[in-house]
*Asks:* 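Quick one: this structure, given as structure tokens, is what I'll be asking you about.
Each ligand, and each atom within it, is numbered from 1 in the order the structure gives. All values reported here derive from a predicted model rather than from experimental measurement.
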Amino acid sequence: MELARRYAKPGRTLILWGRNAERLQRLATLCCARGAAVVTRQINLLDGKAALQAIREDDTKHPLDLVILGAGLSDIQTAGHPTEDPEKVLALSLVNFAIPTTLATAAAERMIPRGGGKIALIGSVAGFYELPFAASYSSSKAGLARFAEAANLGWAKHNVRTTLIIPGFVDTPMSQRLDGTLPFLVSAGSAARRIMRAINAGKKEYIFPWQFRALRVAERLVPHFLRERILLNLKADQKPAKNS
Ligand SMILES: NC(=O)c1ccc[n+]([C@@H]2O[C@H](COP(=O)([O-])OP(=O)(O)OC[C@H]3O[C@@H](n4cnc5c(N)ncnc54)[C@H](OP(=O)(O)O)[C@@H]3O)[C@@H](O)[C@H]2O)c1
């Protein structure tokens with residue numbers, strides 16, 4: 001939402017995707033008021049074939065020069081449950097990994113003959129850690145990171161650049177579901193500004209806020225057994241999802 005609002009400018013066409021028609025319409029009105037031309041598409045990314053067809057249709061009508069794949073689901077194993085919910089693991093794996101990698105590939109396939117383009121994927125610092133209470137979320141983001149790295153290697157010679165955004169905690173409905181303190185929480189507006197700067201600068205990867213970059217360096221000094229012990233001792237719980 002913040003990203004769309006900030007990208008909305010006269011002379012730009014935004015193609016906005018979302019599940020919720022009402023929310024999508026509200027966002028479209030806001031972006032139109034800021035001078036952008038707006039096309040909306042109500043879509044559920046759990047339907048991968050429909051998503052693939054949709055990006056091809058949208059690209060045919062409005063050749064895409066920047067694609068931001070930000071949709072995501074999060075879930076953690078709640079207290080008293082020895083595993084995550086397998087249904088949620090399936091949905092999360094699709095929305096966080098299978099669909100963004102599919103859509104990125106479809107976008108690159110169209111951008112390459114046109115001479116290039118930019119693709120941004122939204123990962124998470126969770127992808128750096130084997131979180132025992134969020135195995136599916138952390139691994140979906142780790143997979144996405146590996147995809148971004150590999151795709152960038154393969155596509156850079158065709159002038160298609162991928163930017164992997166790696167946020168810590170951002171103040172959105174996703175993090176608001178989590179119980180407990182969220183270290184180094186960043187506002188959605190600040191996150192959007194940083195993301196836009198990173199995409200603009202053509203960064204391959206951008207971790208924010210800086211504390212998580214520093215942690216990345218410090219954790220190299222932690223022996224494996226200690227790392228596992230720390231991860232096993234992390235406490236996490238969440239409120240029930242509004243739309244689950
Ligand atoms: N918030 C954080 O602390 C944080 C930290 C690290 C990474 N991230 C990542 O940042 C990205 C954005 O998350 P957020 O914080 O903005 O969370 P959010 O407020 O929960 O938003 C998630 C977005 O994903 C969309 N989405 C989820 N399932 C979908 C589906 N089946 N089909 C279509 N759209 C679907 C939602 O669409 P609707 O509007 O239709 O519901 C919503 O726009 C995610 O990839 C997340 O993993 C977030």
*Asks:* Below 3.5 Å, N or O to N or O, backbone or side chain included: is there any such pair between Leu73 and ligand 1?
*Replies:* no
*Asks:* Between Trp17 and ligand 1, which part of the residue brings a heavy atom under 4.0 Å of the ligand: side chain, backbone, both or neither?
*Replies:*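 Under 4.0 Å from ligand 1, Trp17 contributes no heavy atoms.
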*Asks:* With the side chain counted from C-beta on, respond yes when Glu205 and Ile165 share a heavy-atom pair under 4.5 Å apart, and no when they do not.
*Replies:* no
*Asks:* Tell me the nearest of Gln42, Arg23, Glu22 to atom 39 (O) of ligand 1, using heavy-atom distances.
*Replies:*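 Residue with the shortest heavy-atom distance to the ligand atom: Arg23.
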*Asks:* I want to check something: taking the side chain as every heavy atom from C-beta on, are Ile68 and Leu3 in contact at a cut-off of under 4.5 Å?
*Replies:*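 They are in contact (side-chain heavy atoms under 4.5 Å apart), so the answer is yes.
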*Asks:* Check each atom of ligand 1 against the heavy atoms of Asn44 and keep those under 4.0 Å away; list them by number with element.
*Replies:* 30 (C), 31 (N), 32 (N)
*Asks:* May I ask you to check whether Val95 has an N/O atom sitting below 3.5 Å from an N/O atom of ligand 1?
*Replies:* no
*Asks:* Within the 4.0 Å heavy-atom shell around Pro173, which atoms of ligand 1 are there?
*Replies:* 19 (O)
*Asks:* For ligand 1, note which part of Ile43 has a heavy atom under 4.0 Å away: side chain, backbone, both or neither.
*Replies:*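 Backbone only.
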*Asks:* In terms of atom number and element, which parts of ligand 1 are under 4.0 angstrom from non-hydrogen atoms of Ile122?
*Replies:* 9 (C), 10 (O), 11 (C), 45 (O)
*Asks:* Pick one: which of Gln77, Glu84, Lys141 meets side chain to side chain donor-acceptor pair (under 3.5 Å) with Ser136?
*Replies:*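 Answer to the side chain to side chain donor-acceptor pair (under 3.5 Å) test with Ser136 among Gln77, Glu84, Lys141: Glu84.
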*Asks:* Heavy-atom distance under 4.5 Å between the side chains of Arg41 and Glu57, does that happen here?
*Replies:*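 Arg41 vs Glu57: side chains touch.
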*Asks:* To the nearest 0.5 Å, how far apart are CZ in Arg6 and CD1 in Ile195?
*Replies:* 10.0 Å
*Asks:* When the aromatic ring centroids of Phe212 and Phe184 are compared, is their separation below 6.0 Å?
*Replies:*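 Here the rings of Phe184 and Phe212 have centres that are less than 6.0 Å from each other.
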*Asks:* If you look only at pairs with a residue in residues 190-202, which of them pass as a side-chain hydrogen bond (donor to acceptor under 3.5 Å, both in side chains), with sequence neighbours excluded?
*Replies:* Ser190-Arg194
*Asks:* Looking at ligand 1, does any of its N/O atoms fall within less than 3.5 Å of an N/O of Arg19?
*Replies:* yes
*Asks:* So for atom CZ, which belongs to Arg229, do other residues, nucleotides or ligands contribute more than 12 heavy atoms lying within a distance under 6.0 Å?
*Replies:* no
*Asks:* For atom 45 (O) of ligand 1, which candidate among Met174, Lys141, Glu2 holds the nearest heavy atom?
*Replies:* Lys141
*Asks:* Quick check against the 3.5 Å criterion: does Ser138 have a side-chain atom that pairs as donor or acceptor with the backbone of Glu130?
*Replies:* no
*Asks:* Under 4.0 Å from any heavy atom of Phe169, which atoms of ligand 1 are there?
*Replies:* 3 (O)
*Asks:* Using a strict 4.0 Å cut-off to heavy atoms of Asn20, name the atoms of ligand 1 that fall inside it.
*Replies:* 40 (O)
*Asks:* With side chains defined as the heavy atoms from C-beta onward, is the minimum distance between Thr40 and Trp17 less than 4.5 Å?
*Replies:* no
*Asks:* Does Pro167 reach ligand 1 with a nitrogen or oxygen that is under 3.5 Å from one of the ligand's nitrogen or oxygen atoms?
*Replies:*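 In this structure, Pro167 places no N or O atom under 3.5 Å from an N or O of ligand 1.
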*Asks:* Does only the side chain of Met1 get under 4.0 Å from ligand 1, or the backbone, or both, or neither? Count heavy atoms.
*Replies:*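 For Met1, no heavy atom sits under 4.0 Å from ligand 1.
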*Asks:* Just by modelled atom types, is the Gly115 backbone N or O under 3.5 Å from a matching donor or acceptor in the Asn159 side chain?
*Replies:*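 Checking the backbone N and O of Gly115 against the side chain of Asn159, a donor-acceptor pair under 3.5 Å is found.
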*Asks:* Indicate yes or no: does an N/O atom of Asn96 lie under 3.5 Å from an N/O atom of ligand 1?
*Replies:*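 Asn96 vs ligand 1: no N/O contact under 3.5 Å.
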*Asks:* For Ala188, is the nearest heavy atom under 4.0 Å from an atom of ligand 1?
*Replies:*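 No, Ala188 has no heavy atoms under 4.0 Å from ligand 1.
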*Asks:* So is Gly70 polar-close to ligand 1, meaning N/O to N/O under 3.5 Å?
*Replies:* yes
*Asks:* With a 4.0 Å cut-off on heavy atoms, is Ala91 in contact with ligand 1?
*Replies:*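 Per 4.0 Å heavy-atom rule, Ala91 does not contact ligand 1.
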